[in-house]
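Here is how names work: the chains are called A, B, and so on, in the same order as the sequence lines, proteins then strands, and each is numbered from 1.
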Protein chains: 2
Amino acid sequence: MINQPRRTRQRELIWQALQKQRRFVSSQQVHAWLSKKGHEIGLATVYRSLKSWHESGQLDVIRGADNEMLFRICAGSDHHHHLVCTECGDAFEISSRELEDSIKKIARNKRFRLASHEVEIFGQCENCND
Amino acid sequence: MINQPRRTRQRELIWQALQKQRRFVSSQQVHAWLSKKGHEIGLATVYRSLKSWHESGQLDVIRGADNEMLFRICAGSDHHHHLVCTECGDAFEISSRELEDSIKKIARNKRFRLASHEVEIFGQCENCND
DNA sequence: GTTTGTGCAAATATTTTGCACTTGA
DNA sequence: TCAAGTGCAAAATATTTGCACAAAC
């Protein structure tokens with residue numbers, strides 16, 4: 001009935017490109033990288049692929065400084081946040097009981113019914129903070 | 001030498017519009033609202049005003065779901081995050097020692113030199129969660 | 001009178017979409 | 001076959017910028 005994803009050359013290539021990266025990348029970057037490798041794929045196809053994978057939970061997304069969407073293959077399907085290195089772009093998934101508890105507590109204090117939350121932490125990773 | 005802000009009719013009106021709002025609003029919204037009130041101000045002027053106030057720390061900003069920047073007058077100048085009601089759009093500034101500590105701990109565990117972080121919590125406020 | 005702000009239109013930038021064509025199952 | 005995927009170009013958004021003119025100090 002709905003969305004039975006098909007295996008196409010384009011999607012294979014896009015997925016492979018994502019697999020090579022540990023960092024978050026934009027649709028534009030994926031497209032440019034593939035072009036450089038000689039794979040002429042429509043930019044719209046890249047946008048559509050990343051969007052649908054994100055919607056089906058296979059990709060994580062964060063917003064870059066200039067407001068663009070950056071994607072990365074999502075390791076676990078559990079709830080988590082990200083710790084991103086501002087130097088090399090490397091990103092780790094994090095999940096902290098303590099952090100979640102703090103957030104719950106804040107919501108409770110203000111009598112909010114918690115819906116969702118986003119936490120993004122930026123810094124320099126072990127290798128980059130000389 | 002630098003940026004000595006001037007008092008203009010446009011800026012007065014834009015600032016007043018912000019003061020009437022407890023929720024986060026976009027440049028477009030401020031502009032539309034002023035237009036409706038009969039104040040014909042250039043959209044670019046609204047963008048420029050909000051941007052500069054944000055840069056000077058007088059406005060907070062969050063990212064809307066549809067990729068736009070939303071601003072609000074910032075109550076305190078201290079470090080804080082936001083608890084936003086998804087129903088009425090009302091937003092509270094929050095600051096939690098516990099939350100900050102959790103974040104520091106996470107960074108320390110991964111041996112990151114912490115640069116910055118963003119936390120946004122969404123839910124329904126006391127009035128909206130019937 | 002000099003510097004800063006404004007308005008407009010054009011330029012960017014990112015992402016989406018309509019549509020005809022192609023392809024996978 | 002035929003629904004799903006693709007490419008292209010155009011549209012939709014959101015925001016910025018160049019420039020001539022106006023306003024503030």
B:H54 NE2 to D:dT16 C1': how many Å, rounded? 16 Å

Taking NE2 from B:H31 and P from D:dT13, how many angstroms apart are they, rounded to a whole number? 16 Å

Provide, to the nearest angstrom, the distance between the CD atom belonging to A:Q10 and the P atom belonging to C:dG24. 8 Å

Taking NZ, NE, NH1 and NH2 as the nitrogens, is one of them in A:R97 or A:D101 under 4.0 Å from a carboxylate oxygen of the other? yes

Side chain A:R9 and base D:dG5 donor-acceptor under 3.5 Å: no

B:R6 CZ - C:dT6 P separation (whole Å): 10 Å

Spacing between A:L43 atom CG and C:dT17 atom C1', to the nearest angstrom: 13 Å

Residue B:Y47, side-chain atoms from C-beta onward, closest of D:dT16, C:dT16, D:dT6: D:dT16

Are A:K51 and C:dT15 close enough that a side-chain N or O sits under 4.0 Å from OP1 or OP2? no

Would you indicate what A:R48 reaches in the nucleic acid, counting non-hydrogen atoms under 4.0 angstrom: base, sugar-phosphate, or nothing? base

Send over the distance from B:E55 CD to D:dT15 P, rounded to a whole Å. 14 Å

C:dG24 base to A:R11 side chain: any donor-acceptor pair below 3.5 Å? no

When B:H82 is tested against each of B:F24, B:F122, B:F92 for ring-ring contact (aromatic ring centres under 6.0 Å, His included), which residue passes? B:F24

Measuring from the side chain of A:A44 (C-beta onward, heavy atoms only), which nucleotide among C:dT6, D:dC25, C:dT17 has the closest atom? C:dT17

Checking D:dG7, C:dT15, C:dT6 against the side chain of A:I41 (C-beta onward), the nearest is D:dG7

For B:E68 and D:dA12, what is the distance between atoms CD and C1' respectively, to the nearest whole Å? 14 Å

Using heavy atoms to find the nearest nucleotide of DNA chain D for A:G42 and B:Q28 separately, return the residue whose nucleotide is more 5′. A:G42

Given D:dT6, is OP1 or OP2 found less than 4.0 Å from the side-chain N or O atoms of A:T8? yes

Length of the line joining A:M69:CE and D:dA14:P, which is rounded to integer Å: 14 Å

Identify whether the distance between the nearest side-chain nitrogen and carboxylate oxygen of A:R113 and B:E87 falls below 4.0 Å. no

Between A:H54 and A:F71, how do the two ring planes meet: parallel, tilted or perpendicular, split at 30° and 60°? perpendicular

Would you please say whether a donor-acceptor pair under 3.5 Å links the side chains of A:Q10 and A:H39? no

